Amino acid sequence: MAVKQFKAESKRLLELMINSIYTHKEIFLRELISNSSDAIDKIYYKALTDPALTFDKEAYYIKVEFDKEKRVIKVSDTGIGMTKQELEDNLGIIAKSGSLAFKKENETKDSEMKNGSEIIGQFGVGFYSAFMVSEVVTVISRALGSDEGYKWESKGTEGYTIESCTKDSVGTEVILKIKENTADENYDEFLEEYRLKEIIKKYSDFIRYPIKMKITTTKLKEGSEKEYEEYIEEQVVNSMVPIWKKNKNELSKEDYDNFYSDRRYGFDKPLRHVHISAEGTVSYKAVLFIPEKTPFDFYTREYEKGLELYANGVLIMNKCADLLPDYFSFVKGMVDSEDLSLNISREMLQHDRQLKLIAKNIKTKIKNELEDLLEKEREQYEKFYQSFGRQLKYGIYSDFGVNRETLQDLLMFYSSLEKKPVTLKEYISRMPEEQKYIYYAAGESIERIEKMPQTEGVLDKGYEILFLTDDVDEFAIKTLREYQEKEFKSVAGGDLGIEESETEDDAAEEKQENQELFAEIKSLLADKVKDVRASKRLKTHPVCLATEGELSIEMEKILSSLPGEQKPKADKILEINPKHEVFKSLQEAYEKDREKLKLYINLLYNQALLMEGLPLEDPVEFANNICKVMG
Ligand code: ADP
């Protein structure tokens, strides 16, 4: 019998398959099963339009059998089958979307082997993947409307043969002669019942047609109450109707929770689920979850965002990143669309219009769900925010703030007034009319911010302050700039908009003798601060540091902890409280003892640094100076 050659590109792909270093060889079964499922689909659609045919659901199924001794796996279906010509055309060449993309990619990159395995891993290349695990692949098929069967057989790259054979019923059998184990590869595992069943469950659980397998089970021996015996029974291994294809009303929270843990989305219980069934310009189904707890690797580079992507019930990608914006990377779940092809490549997915629409749709749904959670289940939302609030704030800050509209109402910050996290909307709603700004204070912890001297003036006015304790907070706030036309203002920044006290303090600075004193202090600290001023914000504390310009002290700390040469510094202002006892001592020292003034200023400046959590330039000198004062 003449051996026919594969088309050139098919041969190359085949070589890759056979020598594949790809570790997920198990996907061959997924590919064969989905081909079978497609073949049954075809006969089903034919039956819909051809009155001579009837589609009896019972008669359509996929069967997986194996023989450990003979090292054979057989996947058979009662689908539409293939004619001789179709066997030739379909299995002799690869002209599908996935493989075209493969070719393209190979033209640009030289590491063929690596690319090949990536392709297999991400999209599957269908039938050919059988060669990853088989020495010989035999396909016996009888097409609908034909009395004859044909046998296609190939050992791989050398080519294939086709001959006629008998087959009793319409459909296809794919018979794999499984490779012998090698030093590196274990093929025996595919000849184990539990393993095959596991692979079917993992990838093909939601195939619409029953996947039958003979399964070993135990039952009580007849006549005995304790003794069990093993027996073999044909079972349907897949669950067929996936949760996302069921009606929401038929499902309980528990069903969704089970699905969440079955699919290993997380070990926690999700806070919320969203079940979407969209029809129209874009048709898809999705089940999405908002987890409660942060996955251990969430805030690391290792964390991979994405949703499971199914094309018509067949899993084609474990983590499709394009479906989720980074700021919602915590969302788990899946999307199933009938409009996607099984062999679509990642490259093509990125440009897929359908997928873009789905992603956009999903983004809105998640946002609405979070807003609803915030509104109706505050406690749950706070839990969520504890785990993932940081990610939302990153979302505001990144991409030059384009997403701030989407995210700003989901933000929460600890409030000086409420002593708990509040939203910006809540803050605005209780702002006194004359209050100009939304005030915030940045620091390491709530406890530390509560003691910050800079907060005194604003608190004294009865204004609420938002406490920013996350390193990303101030960057996010600066990106927002304003909320409902109210500007954000750091309590440590200039112009706090607390007018009345200003005149008095300005007066203090304006007095002739004080002007000289301030000038003297400024010259003492010339290399350390940008200016020295009478404070408008201090009430009980003698000094504090304020800043001017974009960079705050907290931001300086964060930036200086990052690797890199550039360490930008905030423009610091030393503020002195002219109403404080200490100010009198300074005036006195200025008159009588300049050395003492120098000593005092050193102490006060370092004290201000300490309160900011900034390192002292010379801790020993500071300690010595304290002793001097005490002595
Ligand atoms: P794809 O599934 O992406 O089309 P494959 O290489 O897996 O690519 O299969 C090539 C073609 O062979 C299929 O499109 C189909 O026409 C045919 N085919 C494969 N398996 C079967 C089967 N079990 N029954 C009928 N046709 C099949």
Side-chain angles (χ1 to χ4, degrees), residues 6-7 9-14 16-18 20 27-46 59-65 73-103 116 119-120 122-134 137-146 148-154 156 160 162 167 169-176 203-204 207-212 310-317 340-346 348-349:
F6 287 104
K7 295 272 165 12
E9 66 267 51
S10 307
K11 198 172 163 186
R12 252 170 78 205
L13 187 53
L14 212 51
L16 274 170
M17 287 296 164
I18 294 163
S20 169
I27 58 122
F28 77 91
L29 194 56
R30 170 189 83 172
E31 298 297 317
L32 296 182
I33 287 175
S34 80
N35 278 349
S36 288
S37 171
D38 288 348
I40 302 178
D41 271 348
K42 283 179 194 157
I43 211 167
Y44 170 68
Y45 288 121
K46 255 213 154 77
Y60 295 96
Y61 56 85
I62 298 159
K63 202 184 261 187
V64 177
E65 293 158 281
I73 296 177
K74 182 159 103 181
V75 180
S76 46
D77 64 65
T78 56
I80 197 156
M82 282 176 274
T83 61
K84 186 179 181 196
Q85 190 61 42
E86 282 168 339
L87 278 169
E88 182 111 17
D89 291 347
N90 295 338
L91 307 184
I93 54 161
I94 311 171
K96 300 286 161 343
S97 52
S99 23
L100 278 180
F102 159 77
K103 263 177 66 191
I119 294 232
I120 306 161
Q122 287 159 5
F123 330 111
V125 274
F127 174 74
Y128 286 76
S129 59
F131 285 98
M132 290 196 294
V133 298
S134 321
V137 178
T138 310
V139 181
I140 297 173
S141 196
R142 183 173 139 190
L144 181 69
S146 163
E148 267 182 301
Y150 286 91
K151 182 166 125 184
W152 178 101
E153 194 164 82
S154 171
Y160 58 91
I162 295 186
K167 189 173 186 309
S169 55
V170 170
T172 303
E173 288 173 5
V174 179
I175 301 153
L176 313 178
Y203 296 105
S204 314
I207 289 284
R208 279 187 296 279
Y209 307 103
I211 302 169
K212 296 180 181 178
Y310 290 79
N312 218 356
V314 181
L315 181 65
I316 56 169
M317 206 186 279
L340 295 171
S341 133
L342 188 62
N343 277 344
I344 192 162
S345 76
R346 175 164 294 190
M348 292 175 85
L349 265 180

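Counting starts at 1 for both ligands and their atoms, following the listed order. Given the structure is predicted, the values throughout are model-derived calculations rather than measurements.
- Remark: the backbone N or O of Tyr61 is paired with a side-chain donor or acceptor of Thr78 at under 3.5 angstrom.
- Paired with Ile62 under the rule side chain to side chain contact (heavy atoms under 4.5 Å, CB included), one option of Asn35, Ile40, Leu32 passes, and it is Ile40.
- Contact annotation for Asn90 and ligand 1: heavy atoms of both the backbone and the side chain come within less than 4.0 Å of the ligand.
- One N or O on the side chain of Arg142 and one on the backbone of Lys167 form a donor-acceptor pair closer than 3.5 Å.
- Applying the 4.0 Å criterion to heavy atoms of Lys42 picks out, from ligand 1, the atoms 16 (O).
- Within the 3.5 Å criterion, the main-chain N or O of Phe131 finds no donor-acceptor partner in the side chain of Ser134.
- Ligand 1 has no atom lying under 4.0 Å from any heavy atom of Glu31.
- With sequence neighbours excluded, the residues that form a ring pair (Phe, Tyr, Trp, His ring centres under 6.0 Å) with Tyr160 are Phe6, Trp152.
- Checking only distances, Phe127 does come within under 3.5 Å of ligand 1, N or O to N or O.
- Residue contacts with ligand 1 include Asp77, since one of its heavy atoms falls under 4.0 Å from the ligand.
- For ligand 1, the polar-atom distance check against Tyr128 finds no nitrogen or oxygen pair separated by under 3.5 Å.
- Relative to atom 7 (O) of ligand 1, the option among Asp89, Ile40, Asn35 with the closest non-hydrogen atom is Asn35.
- Listed by chain and residue number, Glu234 satisfy the salt bridge (Lys or Arg N to Asp or Glu O under 4.0 Å) test with Lys63 (two or more places apart in sequence, or in another chain).
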